[in-house]
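Notes follow the structure.
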Amino acid sequence: MTANTKNSILIIGGGLIGLSIAYEFARKSFKVSVLSKNRSESAGFVAAGMLATHAEGLEDELLKFGQQSQNLIPNWIKNIEKDSGLECGLRKCGIIVPFKNIKDLKEFPTYKYGKYLNQKDLKNEINGINSIWQHGLVFDQDGQIDNRRRLMRALERACSLHGVKFQEGSEVKDLTIDKNKIIGAKVLNATGELKDIRCEKAILCSGAWSKKVLNKIPVFPVKGQMLSIQGPSNFLKRVLFGPDIYLVPRDDGLVVVGATVEKDAEFDQGNTPNGINQLQEGIRSLLPEAMNWPQMEHWWGFRPCTPDLKPIIGKSEIENLFLATGHYRNGVLFSAITSDIIFKFIQDKTLTDLEIRFLEKFSLKRFEI
Ligand SMILES: Cc1cc2nc3c(=O)[nH]c(=O)nc-3n(C[C@H](O)[C@H](O)[C@H](O)COP(=O)(O)OP(=O)(O)OC[C@H]3O[C@@H](n4cnc5c(N)ncnc54)[C@H](O)[C@@H]3O)c2cc1C
């Protein structure tokens, strides 16, 4: 280890998870560098920003992971807002999940955490909801954050003010390994030069592209297409989370509509007519009147998925290379807890029994036969 790499952390990927971890280390006075292949492709700029532990029907350790993260989020956001001077748009607005029949409602994995709504309650909550929905659950604990317009930028600014060095347009082509220890990376930068970068420790946060950096990581992309519509302010007060589509109202009346789930699209770029039709049909099935609201934007991105839909957090087989990837549909929700646990783990801080269990359940080892 050379003097200039001591206590330095190299983050591979400047998406939501990379930024969250960079922030955690930088605010604790570590030297942090972030290598980012392409800022704008990050799923952190794509996501709807729901904090939907219960509305997603998470189970077992993912449910606990989500609940723990939701406990950390208010304070985490307060720190980011204080350090960046920017608001993040956190709203504990609650999420409503509608059902066509009572059987589906009672079988919903997080049924016991919700408050029951009959059809009249549903209509009171959501003026104009399609009458195919007979019952509902409201999860007051869940909410949203304005990741696209606010959180990502606030994290970047907070990191930068804490001294994080960003290298945008820098793609890690290869890891430099010596005696099973990472000592650096070969990086193709924005001006086309291939450079050797040294590091003491690295954390792989490359989202859906993680397998391209380290072939052993079983992460693959699941494409999602989204659009936004401009509704009247305060028309929708809560997120409406249907089985195929969700409507996420921001505080200025913009409604984020998502998302397709395309497992075979690989890294296909762009919105497609089918994708947009599916989203429009979804709007009709939830809130027909919103079909008349003007469409403002279409976009797409790639969720980092694993075979068991759970993240990969902790050690790799290479000493000093750590992993924080595979957050699939819930990376916004899981970002606070991931950065907290990975910091404690790498710095040998005391972990609670539950945190140790998370690390066991989310370890890369579970995929080894
Ligand atoms: C349509 C959609 C809707 C979603 N909605 C929600 C939601 O409502 N709530 C929620 O909690 N989550 C949601 N998610 C999931 C969430 O966005 C992701 O789980 C999260 O963004 C993953 O963060 P990440 O940092 O791992 O990956 P990303 O944010 O994708 O960042 C990865 C970054 O790594 C960079 N990179 C890749 N390879 C390299 C390399 N070799 N060298 C350098 N850099 C590299 C990429 O350029 C990219 O910028 C959604 C995702 C999608 C796609």
Side-chain angles (χ1 to χ4, degrees), residues 10-22 33-53 55-56 58 62 65-66 69-70 73 95 142-148 151-152 155 166-175 185-190 197 202-214 217 219 221-227 239 241 245-246 248 256-262 265 267 271 275 279 298-306 309 311-313 323-339:
L10 182 71
I11 310 264
I12 306 172
L16 184 56
I17 299 297
L19 288 177
S20 305
I21 296 173
S33 299
V34 173
L35 299 175
S36 162
K37 170 161 69 88
N38 181 354
R39 171 188 190 265
S40 58
E41 74 186 0
S42 153
F45 282 114
V46 174
M50 289 179 296
L51 307 172
T53 306
E56 281 266 352
L58 297 182
L62 274 188
F65 200 56
S69 200
Q70 269 182 280
I73 282 173
I95 302 188
D142 289 356
Q144 60 162 299
I145 189 152
D146 195 344
N147 54 299
R148 290 192 85 211
L151 173 64
M152 289 293 284
L155 269 170
F166 285 97
Q167 296 185 46
E168 174 58 20
S170 294
E171 179 177 1
V172 170
K173 291 301 220 181
D174 212 352
L175 304 174
K186 291 206 182 313
V187 179
L188 184 64
N189 71 16
I197 289 194
I203 310 173
L204 189 152
C205 310
S206 317
W209 300 265
S210 297
K211 193 173 170 60
K212 295 188 183 185
V213 182
L214 193 61
I217 301 183
V219 168
V222 175
K223 183 176 175 180
Q225 300 188 46
M226 311 267 293
L227 59 83
V239 174
F241 190 101
I245 233 80
Y246 46 74
V248 184
V256 172
V257 182
T260 62
V261 180
E262 300 169 54
F267 286 109
N271 288 106
L279 296 173
H298 299 167
W299 67 98
W300 75 95
F302 303 101
R303 305 173 185 89
C305 191
T306 63
L309 314 183
I312 301 173
I313 299 171
L323 308 172
T325 183
H327 291 71
Y328 190 39
R329 296 173 61 93
N330 290 295
V332 182
L333 169 66
F334 295 152
S335 49
I337 192 161
T338 300
S339 54

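First listed ligand is number 1; within each ligand, the first listed atom is number 1.
- Taking 4.0 Å as the cut-off, Y246 counts as a neighbour of ligand 1 on heavy-atom distance.
- Close approach of ligand 1 to V213 is summarised as follows: ligand atoms under 4.0 Å from at least one heavy atom of the residue are 41 (N).
- With respect to atom 12 (N) of ligand 1, the closest heavy atom belonging to the protein is R329 O, 2.8 Å.
- Atom CD1 in I145 sits 6.0 Å away from atom CG in L51 (nearest 0.5 Å).
- Contacts between A52 and ligand 1, counted as non-hydrogen atom pairs separated by less than 4.0 Å, are absent for every part of the residue.
- Rounded to the nearest 0.5 Å, atoms OG (S206) and NZ (K212) are 11.0 Å apart.
- Below 3.5 Å of separation, one finds an N or O of G44 facing an N or O of ligand 1.
- At a heavy-atom distance under 4.0 Å, only backbone atoms of Y328 (N, CA, C or O) approach ligand 1.
- Taking a cut-off of under 4.0 Å to the non-hydrogen atoms of S170, the atoms of ligand 1 that pass are 42 (N), 43 (C).
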Could you walk me through whether W209 and F267 pass ring pair (Phe, Tyr, Trp, His ring centres under 6.0 Å), step by step?
CA-CA 9 Å; W209 300 265; F267 286 109; 5.4 Å; yes

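- Side-chain N or O atoms of D142 include none that pairs as donor or acceptor with a backbone N or O of I95 at under 3.5 Å.
- Protein heavy atom nearest atom 22 (C) of ligand 1, with residue, atom name and distance: P304 CG, 3.9 Å.
- At a heavy-atom cutoff of 4.0 Å, ligand 1 is contacted by the side chain of M226 but not by its backbone.
- Between S36 and ligand 1, not a single N/O pair is under 3.5 Å apart.
- Counting protein heavy atoms only, atom 34 (O) of ligand 1 is closest to G13 CA, 3.4 Å.
- Residue A208 does not touch ligand 1, judged by heavy-atom distances below 4.0 Å.
- Separating the SG atom in C305 from the CZ atom in R329 is a distance of 10.0 Å, to the nearest 0.5 Å.
- Distances shorter than 4.0 angstrom do not occur between any heavy atom of T325 and any atom of ligand 1.
- Contact annotation for L333 and ligand 1: heavy atoms of both the backbone and the side chain come within less than 4.0 Å of the ligand.
- Ranking protein heavy atoms by distance to atom 20 (C) of ligand 1, first place goes to G331 CA, 3.9 Å.
- Contact annotation for V46 and ligand 1: only side-chain heavy atoms (C-beta onward) come within less than 4.0 Å of the ligand.
- Taking 4.0 Å as the cut-off, C205 counts as a neighbour of ligand 1 on heavy-atom distance.
- Proximity annotation for atom 17 (O) of ligand 1: of S42, S20, A43, A43 comes nearest, heavy atoms only.
- At least one N/O-N/O distance between N38 and ligand 1 falls below 3.5 Å.
- Atoms of ligand 1 lying under 4.0 Å from at least one heavy atom of G49, given by number and element, are 7 (C), 8 (O).
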